[in-house]
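Notes follow once the structure below has been shown.
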Amino acid sequence: MQEVALIRPGRTAETELALEREKSALRREFEERLEECGTLAFRVARGVLHNGPDAEDVAQEALLQAFRRFEHLRDRSRFRAWLVRTTFRLALDQARSARRREQRETLWAVGVPKPTAEDLAASSEFGRRLAQAMESLPEKSRLVLLLSSIDGHSLEEVAELLHVPVGTVKSRLHSARKRLAEKLR
Amino acid sequence: MRCEKYRDALREAAAGPEDLNDRIRQHIAECSGCRATLREEQTLFAMIDVGLRARMIAQPCAGFLADVRAQVLQEPEPRSVTNPMWALAAVSAMVAVLAIAGPWVGLRKKPAATTGPTVSTNYMPSGPKAVEAGSAGAVRDRSLKPGRRHVVVRNADREPEVLVPPDEREALAKFVTHLRQRDEVAQAIATPQVNEDGKFSEIRPVEIARLRVKLLAWETWNDEDDRHDEEER
């Protein structure tokens, strides 16, 4: 019995091998970005949601979206900037839908996640008021405030992440802090 | 009232890096109330900064990155994402442009007569099928009479699948590569032979007694080759 195989004659074994190599290189690069930016995504999400488990879900979704678009995001700085913006947006959506859900359902019916140490620290009276005050800030100012609060993030880095001039970051940060102070006085 | 006018300046000084001007400094030195206000404002901003920093040092749980990796492994390979609406818009625009510009660029003009049928193709020749394959929107004349020009659109993305015995795969791949380099040879092979009376020569279907068709994945490529070699031995 003669055995035949269905092949694409335009593709040689070398082509297939090159494609395989390209795929593994892509996954390796994504692994590197994941190591670098995974925590950043989580922190941005947590800054909006004030809740660890929800922030993890949102950060995971943002990272998966980043993987799906990774061919466009192979550049390191582009990846970080895209990830920060997407995580922030997803977190805002999540916060809004959570608020709507909370209005619909009674609190006892919703499974309250076990608070972490950070959650407990943030649950102090000042922390609660600070979280409330932050929610009243405009989105742009809020993101600048969150990013510049991450240790080791200079104003220049925040500007690079958001694709805005350093002067814009400075003014947004200044006005955001003043607004927060007004709310907290 | 005198202190009221310094209030905004004190808050501004506490919020930002700007230094107080000499006039305000002098007032603070004299006024204990404004000194206290400045201290309160500075404390408030320090608390805000500390509170924000505390919020942003949180770490995800230990298994977070592992979970993401596991999810990524289940994802198909990343590819360029094209918004279907944009693609639809682009196709519509192209159709509109072709409809408007078609008559002006001579798409409808009857081509000049040539000595024989000319078929332009750059994919695997497979007899008459290669000519019929020009259904990608080019100007075609299905009658394919001698003396008329028949055009098949080049479609570089098209990669037909062909049934080939395993030990002839490399040979076929080389053959196709060679044909692509020598376009005129490919054209000659792809052009259907026309008899003297103007009819196509009949191509009989290939008769193979017993066939076992298998789709080979790349991972099993080399294994299959090895097994085949062993069987031959």
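Proteins come first, then strands; the chains are lettered A, B, ... in the order of their sequence lines, and each starts at number 1. Here the structure is a predicted model, which is why all the values come from computation and not from measurement.
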Problem - Shortest non-hydrogen contact from A:F42 toward B:Q59 - result: CE2-C, 3.3 Å

Practice task
Pick one of side chain, backbone, both or neither for A:E61, based on which atoms fall under 4.5 Å of a heavy atom in chain B.
Solution key: neither

Practice task
Give a yes or no on whether A:R179 atom CZ has more than 12 heavy-atom contacts from other residues, nucleotides or ligands under 6.0 Å away.
Solution key: no

Problem - Straight-line distance of A:T39 OG1 to B:M56 CE, nearest 0.5 Å - result: 11.5 Å

Problem - Interface moiety of A:L63 toward chain B, non-hydrogen atoms closer than 4.5 Å - result: side chain

Exercise for the section: Might you confirm whether atom CZ of B:R25 has over 12 heavy atoms from other residues, nucleotides or ligands at distances under 6.0 Å? Expected result: yes

Exercise for the section: Tabulate, in ascending numerical order, the residues of residues 31-44 of chain B having at least one heavy atom closer than 4.5 Å to a heavy atom of chain A, or enter 'none'. Expected result: B:E41, B:L44

Exercise for the section: Verify the neighbour count for atom CD of A:Q65: are there more than 12 heavy atoms of other residues, nucleotides or ligands below 6.0 Å? Expected result: yes

Completion exercise
When rounded to the nearest 0.5 Å, the distance separating CZ of B:F64 from CG of A:D57 is 9.0 Å

Exercise for the section: Enter the distance from A:R177:CZ to B:D49:CG here, rounded to the nearest 0.5 Å. Expected result: 4.0 Å

Exercise for the section: Output yes when a side-chain donor or acceptor of A:E56 lies under 3.5 Å from a complementary backbone atom of B:C61, and no otherwise. Expected result: yes

Completion exercise
Rounded to the nearest 0.5 Å, the CZ atom of A:R129 sits from the CD1 atom of B:I48 at a distance of 9.5 Å

Practice task
Give, for atom CZ of A:F30 and atom CZ of B:R69, the distance between the pair rounded to the nearest 0.5 Å.
Solution key: 10.0 Å

Exercise for the section: Would you mind reporting whether A:R43 and B:R55 have side-chain heavy atoms less than 4.5 Å apart? Expected result: no

Problem - B:M47 side, atom CE; A:L130 side, atom CG - distance, nearest 0.5 Å - result: 9.0 Å

Problem - Contacting moiety of A:A133, where chain B heavy atoms sit under 4.5 Å - result: neither

Problem - CA sep, side-chain torsions, deciding dist, call: A:I150, B:I57, side-chain contact (heavy atoms from CB on, under 4.5 Å) - result: CA-CA 7 Å; A:I150 294 174; B:I57 55 166; over 6 Å; no

Handout entry: B:E75 to A:R27 - nearest heavy-atom pair and separation
Key = O-NH2, 3.3 Å

Problem - By ring-ring contact (aromatic ring centres under 6.0 Å, His included) - contacts of B:F45 (at least two apart) - result: none

Fill in the blank from the handout: Checked B:V68, B:V72, B:L65, B:L73 vs chain A; the most non-hydrogen pairs under 4.5 Å come from B:V72

Handout entry: Considering all heavy atoms, the nearest B:A15-A:H174 contact
Key = CB-CE1, 3.9 Å

Problem - Stepwise side-chain contact (heavy atoms from CB on, under 4.5 Å) check, A:E182 with B:R11 - result: CA-CA 10 Å; A:E182 270 170 37; B:R11 285 180 177 174; 5.6 Å; no

